[in-house]
Structures are given as structure tokens and as C-alpha cells.
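Structure record follows, encoded as C-alpha cells.
A note on names: the letters A, B, ... follow the listed sequences, proteins ahead of strands, and every chain is numbered from 1. Given the structure is predicted, the values throughout are model-derived calculations rather than measurements.
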Amino acid sequence: AQSVTQPDIHITVSEGASLELRCNYSYGATPYLFWYVQSPGQGLQLLLKYFSGDTLVQGIKGFEAEFKRSQSSFNLRKPSVHWSDAAEYFCAVADAGGTSYGKLTFGQGTILTVHP
Amino acid sequence: DTGVSQDPRHKITKRGQNVTFRCDPISEHNRLYWYRQTLGQGPEFLTYFQNEAQLEKSRLLSDRFSAERPKGSFSTLEIQRTEQGDSAMYLCASSWTSGWDEQYFGPGTRLTVT
């Protein structure tokens, strides 16, 4: 069965600092990978997605992620964090076959705190 | 396009009572998903519909849970004889047909069972 691990439950960075959130997945075939962000009282919003092609994908709000098949990783990065980026971030993998087609399996999330 | 909406946003109920939640997807979307999220965890898949057909149910979904999507439009999720362990955020999402199309999430319904 597919799974997603986000090793860091909570990360704190200073505003303007760079950010990397880690995500490791387990999936038998080519994965379809996503990063979502959830702010308090808000629904999950898609930041970016990877299906195939260029392993470095660009998303909204200045985020990017790099797919590394050899490491089964899909880490999220941002060069300069803004206070408004404080939220919880979820990595997810989509099931790409059978009756579960499209079903998302999420990691447990990483809470990002931004200090001024 | 007003996005995915869910009603109610909050529900407090006593153990043993039945509750029903509603989800209105984005109108052009034919896939609709239900997830459950407990504190400190990521969302967990419960079930999904392709139009009006319910194509998969998670093993997390006990017999007390039932979901419908009549006419392939809105969906309801009913929990019978609620238990304290049912307390969670119930999320609805919708998407186009393709399995890897973006799922648009609603704000969720927070259920508290006392």
C-alpha cells in the first residue's frame, strides 16, 4: 500500500530565511505527487503537483518541489519565507490505478511557524 | 464558481445520535471525495463517487457510515449512532474525471461527539 512520511512535525524559521519541508513516499509505480497547504479555518489548497517530466516543479506563492526517484522524495522548498506562509503543509500521493484511481494518501503534515 | 461548500461547518452532537453532512462540489466536477482528518493527522480517505456511483469505500468506513450522491450533484455523509471516536473534521473534495486532476477541498465540517 502507498504511504507518505513527513519526518518533521513542526518547523520554525525566521521571516526571509529559506525553507525545505521533507516528504518521502512509498508507491509501487510512477507516483503522482502533491503538496497542499492548510491554514486555520481554511480548506486545503494545492501548492503544486508532479506527474511526469521535469523533476523540478514550480507552484503558487513562490514554492517549488523536486522529485527524486532514487530517494523516493518530493521535498518542498521556498527561498525566502513570508510571515503569511505560516500554516500546515501536507504531502500526498495519488493512487493511479484500479478502483482507487485518484484517491489521495496524505502524510501527517508539517506545521510551519514563521518568526518575525 | 464558488468552490466546494460544506454544511454545517460545525456540529456538536451527543453520543448515539445520527448526523448528516452535506457537500456541494464545483458544478462541472464529476468526482467527489470524502476524507476524515483528526487532530495532528493528515486527511484519510473515506469514499469517493464518480457521478452518482460510489466506487470505493475505505475500511475506515464502518457500517454506521453511509454516503450518497443522488443525481451526481451534491453528496451527503451520514453517521448513525455516533461515537466519541467519530469526532473529527470531515472534508469533501471534488475534481474532474482524471485521477490526477487537482482535488478542490471544501472548508470541512467539524464534528464533536460529547
Side-chain angles (χ1 to χ4, degrees), chain A residues 1-10 21 23-25 27 29-53 57 59-60 67 74 87-111, chain B residues 1-10 23-26 29-51 53-61 67 88-110:
Chain A
Q2 62 210 50
S3 64
V4 176
T5 301
Q6 294 180 244
D8 305 304
I9 295 174
H10 196 168
L21 302 182
C23 171
N24 293 99
Y25 68 90
Y27 189 69
T30 300
Y32 299 97
L33 296 161
F34 304 78
W35 274 99
Y36 282 85
V37 60
Q38 186 176 39
S39 299
Q42 304 293 317
L44 288 156
Q45 181 184 22
L46 181 70
L47 288 176
L48 47 78
K49 58 188 177 185
Y50 171 78
F51 299 144
S52 64
V57 293
I60 62 171
F67 170 63
F74 187 57
E88 190 162 17
Y89 292 79
F90 293 95
C91 181
V93 62
D95 199 306
T99 58
S100 300
Y101 189 64
K103 177 182 77 173
L104 291 175
T105 299
F106 288 86
Q108 70 178 84
T110 298
I111 298 171
Chain B
D1 181 1
T2 57
V4 179
S5 61
Q6 293 186 246
D7 184 70
R9 295 290 303 274
H10 303 274
C23 170
D24 286 273
I26 293 172
H29 288 176
N30 47 29
R31 285 192 162 224
L32 187 148
Y33 301 81
W34 285 98
Y35 295 85
R36 180 171 67 188
Q37 185 177 20
T38 54
L39 202 61
Q41 300 297 318
E44 295 175 295
F45 170 80
L46 292 178
T47 189
Y48 89 94
F49 294 84
Q50 172 90 13
N51 298 313
Q54 187 174 18
L55 297 186
E56 185 177 348
K57 293 173 59 174
S58 165
R59 282 169 289 183
L60 292 175
L61 220 60
M89 177 76 84
Y90 290 84
L91 298 169
C92 176
S94 69
S95 74
W96 292 103
T97 300
S98 173
W100 46 83
D101 280 326
E102 175 181 354
Q103 292 183 27
Y104 291 80
F105 282 82
T109 294
R110 181 167 296 284

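- No donor-acceptor pair closer than 3.5 Å links the side chain of B/Y104 to the backbone N or O of A/Q45.
- Here the shortest heavy-atom pairing between A/K49 and B/E102 reads NZ-N, 4.2 Å.
- At a 4.5 Å heavy-atom cutoff, B/R110 makes no contact with chain A through either its backbone or its side chain.
- Less than 6.0 angstrom separates the ring centroid of B/F105 from the ring centroid of A/Y36.
- Once rounded to the nearest 0.5 Å, the distance linking OG of B/S95 with CG of A/L46 reads 11.5 Å.
- For B/E44, no part lies under 4.5 angstrom from a heavy atom of chain A.
- For B/L39, the CG atom counts as loosely surrounded, since its 6.0 Å shell holds 12 or fewer non-hydrogen atoms of other residues, nucleotides or ligands.
- Note that the CG atom of B/L55 and the NZ atom of A/K103 stand 12.5 Å from one another [nearest 0.5 Å].
- Evaluation of the salt bridge (Lys or Arg N to Asp or Glu O under 4.0 Å) rule for A/D8 yields A/R22 as partners, not counting sequence neighbours.
- The closest side-chain heavy-atom distance from A/L44 to B/P43 is below 4.5 Å.
- Counting heavy atoms from C-beta on, the side chains of B/Q37 and A/F90 come closer than 4.5 Å.
- Annotation: A/I9, atom CD1; neighbour count of heavy atoms from other residues, nucleotides and ligands within 6.0 Å does not exceed 12.
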- request: Test A/F106 against B/Y35 for side chain to side chain contact (heavy atoms under 4.5 Å, CB included), laying out the working first.
  value: CA-CA 10 Å; A/F106 288 86; B/Y35 295 85; 3.9 Å; yes
